[in-house]
Amino acid sequence: MSVTPHAPVGHVVVGVDGSPGALSAVTQATLEAANRGLPLEIVAAWTLPEDGQLDSYVGQVRREAEEATEAAVAHAQALHPQVWTIGRVRRGAAHEVLLACAEHASLVVVGSRGHGRMAGLLLGSVSLSVAAYTLCPLLVVRGEHDPSPAVDGGPEGLVVVGVEGADCRPAVEAAYEEAQLRHLRVCALNALPPVTPAPIGLPAPALESLAAASALRRDALDTWTAAPRAKHPEIESQVRLVREGAGRALVEASREADLVVLAAHRRTARFGTRLGRVSHTVLHHAHAPVLLVPVD
């Protein structure tokens, strides 16, 4: 294992804790680093026990962290030997360790489930804290998707990006960049308020009003995605309107997607900045990896 005091600026960071989910995250992170031509930093965190049992316990937990990191580094190097990979074991709270490593990173990758006595770095309170505060994109590895192959020279796979408004442009741009890296299509999805039909059906004026609202929203969606589409004319893309909750719509769309991209809108709550309900829903229930892109 190659260990250095500092990782290069603009690298990929992945958290591990010795679980199978962490190894899946390492696999994805290694692929991301290879596609981007960036170094890979693999990080494990460990903390002091709260029950006062220090000596042998601390040594064992730290050894477990070191072994998990070494195994992850070996796994990454076996997958892509050309990717410069380093391993780091750091003492501290898991989310603080990962956030510190993310300060100079281009991408942070975490898995969806973890375990063990080490400070877990997989999806849960730790990763949700990272998602809420990191200033770089966060990729949460979910589902059992394999990269979709090209068919007849064209892409079969799909990147789904949720678009709520013009401020989602960073996420849309990221979706097109990911589609270019992965040779996939892009679908920009916008959720309109759901409609509950009257018992005898909606009257004609109401139907006309709904149709007009949908047309206006489709025009807006075309405008919100115009710049990334113009920048990547080679990427096949579409816009899609649905009348249901945004979280539910994105989770359902993720069944056929290779990647879901979301703008990470942060809101100021009583106990600090938090992610919105849609992000929580998609992070916990998506059937494909989820890329969160911070939006100021």
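Since this is a predicted model, take the numbers as computed values, not measurements.
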Is there side-chain contact between [X] and [Y], with heavy atoms separated by less than 4.5 Å?
| X | Y | value |
| --- | --- | --- |
| S254 | V260 | yes |
| E234 | Q180 | yes |
| L250 | V278 | yes |
| V13 | V43 | yes |
| E177 | P228 | no |
| R217 | N190 | yes |
| L107 | R36 | yes |
| V295 | C168 | no |

Practice task
Would you check, one step at a time, whether the test salt bridge (charged side-chain N to carboxylate O under 4.0 Å, His left out) holds for E32 with R182?
Solution key: CA-CA 10 Å; E32 301 297 334; R182 303 161 185 256; 2.6 Å; yes

Could I get the full list of side-chain hydrogen bond (donor to acceptor under 3.5 Å, both in side chains) partners for [X], not counting sequence neighbours?
| X | value |
| --- | --- |
| H75 | T27 |
| R240 | none |
| T225 | R229 |
| E173 | R169 |

Exercise for the section: Test side chain to side chain contact (heavy atoms under 4.5 Å, CB included) on L292 and V140 and set out the steps. Expected result: CA-CA 8 Å; L292 283 181; V140 179; 5.5 Å; no

Practice task
Verify the cluster assignment for L31 and L23: are they in a single hydrophobic cluster under the rule of side-chain heavy atoms below 4.5 Å apart?
Solution key: no

Problem - Co-membership, hydrophobic cluster, residues V109 and L79, 4.5 Å side-chain - result: no

Measure the spacing between [atom1] of [X] and [atom2] of [Y] and express it to the nearest 0.5 Å.
| X | Y | atom1 | atom2 | value |
| --- | --- | --- | --- | --- |
| Q238 | L189 | CD | CG | 9.5 Å |
| R185 | L158 | CZ | CG | 5.0 Å |
| L259 | L184 | CG | CG | 8.0 Å |
| L38 | W84 | CG | CH2 | 11.5 Å |
| I235 | E178 | CD1 | CD | 10.5 Å |
| L283 | T281 | CG | OG1 | 9.0 Å |

Shortest non-hydrogen separation from [X] to [Y] and the atoms involved:
| X | Y | value |
| --- | --- | --- |
| T69 | R88 | CG2-N, 3.8 Å |
| A263 | S279 | O-OG, 4.2 Å |
| A171 | V261 | O-CG1, 3.4 Å |
| L40 | A76 | CD2-CB, 3.8 Å |
| V26 | A72 | CG1-O, 3.7 Å |
| H285 | V251 | O-CG1, 3.5 Å |

Exercise for the section: Could you walk me through whether V172 and W224 pass the side chain to side chain contact (heavy atoms under 4.5 Å, CB included) test, one step at a time? Expected result: CA-CA 8 Å; V172 178; W224 297 335; 5.9 Å; no

Practice task
Would you check, one step at a time, whether the test side chain to side chain contact (heavy atoms under 4.5 Å, CB included) holds for L138 with V110?
Solution key: CA-CA 8 Å; L138 173 71; V110 294; 4.1 Å; yes

Exercise for the section: Could you pull out all residues at least two apart from E96 that satisfy salt bridge (Lys or Arg N to Asp or Glu O under 4.0 Å)? Expected result: none

Practice task
For R91, check salt bridge (Lys or Arg N to Asp or Glu O under 4.0 Å) against everything at least two apart and list the hits.
Solution key: none

Exercise for the section: State whether the number of non-hydrogen atoms from other residues, nucleotides or ligands found under 6.0 Å of R248 atom CZ is greater than 12. Expected result: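 No, the 6.0 Å shell around CZ holds no more than 12 heavy atoms from other groups.
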
Practice task
Step by step, work out the side chain to side chain contact (heavy atoms under 4.5 Å, CB included) result for L262 and V282.
Solution key: CA-CA 9 Å; L262 290 178; V282 177; 3.7 Å; yes

Checking the side chain of [X] only, and the main-chain atoms of [Y] only, is there a donor and an acceptor separated by less than 3.5 Å?
| X | Y | value |
| --- | --- | --- |
| N35 | L181 | no |
| S19 | A22 | yes |
| T85 | V83 | yes |

Problem - Step-by-step salt bridge (charged side-chain N to carboxylate O under 4.0 Å, His left out) determination, R63 to E67 - result: CA-CA 6 Å; R63 282 193 299 274; E67 290 170 359; 5.6 Å; no

